[in-house]
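Here the structure is laid out as structure tokens; the discussion comes afterwards.
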Amino acid sequence: MTGLSRRGFLGLLGAAGAGVALAGCGIGSSPGQTGEQLASALPLPDAFRVPLPVPPVARPVGTDPSGADLYRVTQRVADLEILPGVRTPVLGYDGIYPGPTFDTRRGRPVVVLHRNELPVPTVVHLHGGHTPAESDGWPLDLLLPVGNTAIWASHHGMVGDLAAGERSYRYPTDQRAATLWYHDHRMDFTGPSVYRGLAGFHLVRDDVEDALPLPRGERELPLMICDRAFAADGSFAYPGLDQGMRSVPGVEDDWMEGVLGDVVLVNGAPWPVHEVDAARYRLRLLNASNARRYRLLLQVPGAPDLPLVQVGSDNGLLAAPVTHQVLEIAPGERFDVVVDFGALPIGTEVTMVNPLGTGRTTDVMRFRVVRTAKDDSRVPDRLADVEQLVPAPGATRRTFRFTRGPVGDHRGWTINGTSFDPQQSLADIPLGEIEVWRFVTDVHHPVHVHLDGFQVLRRGIAVPGPYDVGWKDTVDIRPAEIVEVAVRFTDHAGRFVFHCHNLEHEDMAMMATIRTVDSAL
Ligand code: C2O
Ligand code: CU
Ligand code: CU
């Protein structure tokens, strides 16, 4: 934590909390971060040696009775070689990290039958999915470990819809082509579960996207960026209060603002390198970190940085491309960008760097241009129709304040002063109506809403920022900032959540229940 944020922290805590907050002092993080860096306890490899892995695409095992494509995933512990020569136990979808990529098509519903062979319960959430409540991953709808149901029967005295060993999640897939991701969402333990491996890509494609001449095939790369720290025995180091991830939520005081690692992983590999053609590539960037924000640049030795041409946001294609020299990405966000290696001489090394990091987290990965190749891709000036949400003058307005606050008798994070309450809806929203929501922060909070995307109307006193274009489902809100968004839930009446996607904040209660209600009733 920097001197500045430490002071801010103490100021908000008041004198009573000061002794606790000063106990222990981690390695400082840079400005622009909310979180505290954890140092790995083993030697770290050189950057740009390990090849970039691309997660395998999941194959359907058949068709379910309703005609949906049926997939099976087994969640299990596996020992993976993430750092060269080191074994790291992960909680993995199919025992891999990242999990398999679902490559789906609009109009083709998908059912994923998850089997939990892990030692802890899980909840699967499809982030960005337009999913009915029963398959959205309500944080208390636990999928209990196979053959180990008894001890989990009463999770904090609150019980959701429990499933023993296996559960089917149904995804209607009636949404625009987009880069979605799936990850664990268990109440109180999302942070350690995702940190230990439970995350993967879920792509949706459609005809609109297919008709565009964007790079495809080998030249379309999903890139899951996250940071981790490693313990001396090779395991992921996470300062959770309950290392068994059973009952006590939260992390040690020093990491209350968020857990930052000192190793940057892309698709599960430390600072990887990828050999590319001298051609355009489409990069589907995802920040799957618990708390770390990145500022991404593509550096070319002796030449200007390569621009990142954004073609899509969290929830799909933009109306027109937006060119960035620098891209800021907060936890949970996705940016779909095209980069052009075409003009670079063979042998050029293009490094994706992160000036928001400190020390080794200033590097992310490298591309090495190894061959000339034909390239008939391009980025058209018009990409897709994007409906503009225009709130009526009398539209319902709601304000949600994301701040530190007490959670029971300990410190935590709150929305409008309240900690996550599964029983109490903070807002009942009629389906089909456009509302204006105002998010207000103390420190950085990347705010994520389930069920439907939204559009940023205003950031502070100004127009939306450069990273706010298009349909979003996660918006990065800087310290002491106000962001106004237009939201509309189209269908699926039920109970959902919205929350901060800093996973330590989420686990320490910065989440709220909302209800979508059928306005015709
Ligand atoms: Cu990516 Cu509610 O989560
Ligand atoms: Cu989500
Ligand atoms: Cu937060």
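Just so you know, ligand 1 is whichever comes first in the structure, and atom 1 is the first atom listed for that ligand.
Atom ND1 is the N, O or S atom of H445 at the shortest distance from the Cu ion (ligand 3). For H127, the N/O/S atom at the shortest distance from atom 1 (Cu) of ligand 1 is named ND1. No other N/O/S atom of H183 lies as close to atom 1 (Cu) of ligand 1 as NE2 does.
Annotation: angle subtended at the Cu ion (ligand 3) by H505 ND1 and C500 SG is 130°, to 10°.
Side chains of D452 and H130: a donor on one and an acceptor on the other come within 3.5 Å. For the residue pair H114 / Q75, a side-chain donor-acceptor distance below 3.5 Å is found, with atom types taken as modelled.
R397 forms no cation-pi arrangement with W437, by the criterion of a distance under 6.0 Å to the ring centre and an angle within 45° of the ring axis. By the 6.0 Å and 45° rule, R515 does not stack over the aromatic ring of F496.
Taking each heavy atom of H444 and H505 in turn, the nearest pair found is O-CE1, 4.0 Å.
Using bins of under 30°, 30° to 60° and over 60° for the plane-to-plane angle, the ring pair W181/H183 lands in the tilted bin.
Here H185 does not reach atom 1 (Cu) of ligand 1: none of its N/O/S atoms is less than 2.8 Å from the metal. Among the atoms of H127, no N, O or S atom is found under 2.8 Å from the Cu ion (ligand 2). Not one N/O/S atom of H185, from backbone or side chain, sits under 2.8 Å from the Cu ion (ligand 2).
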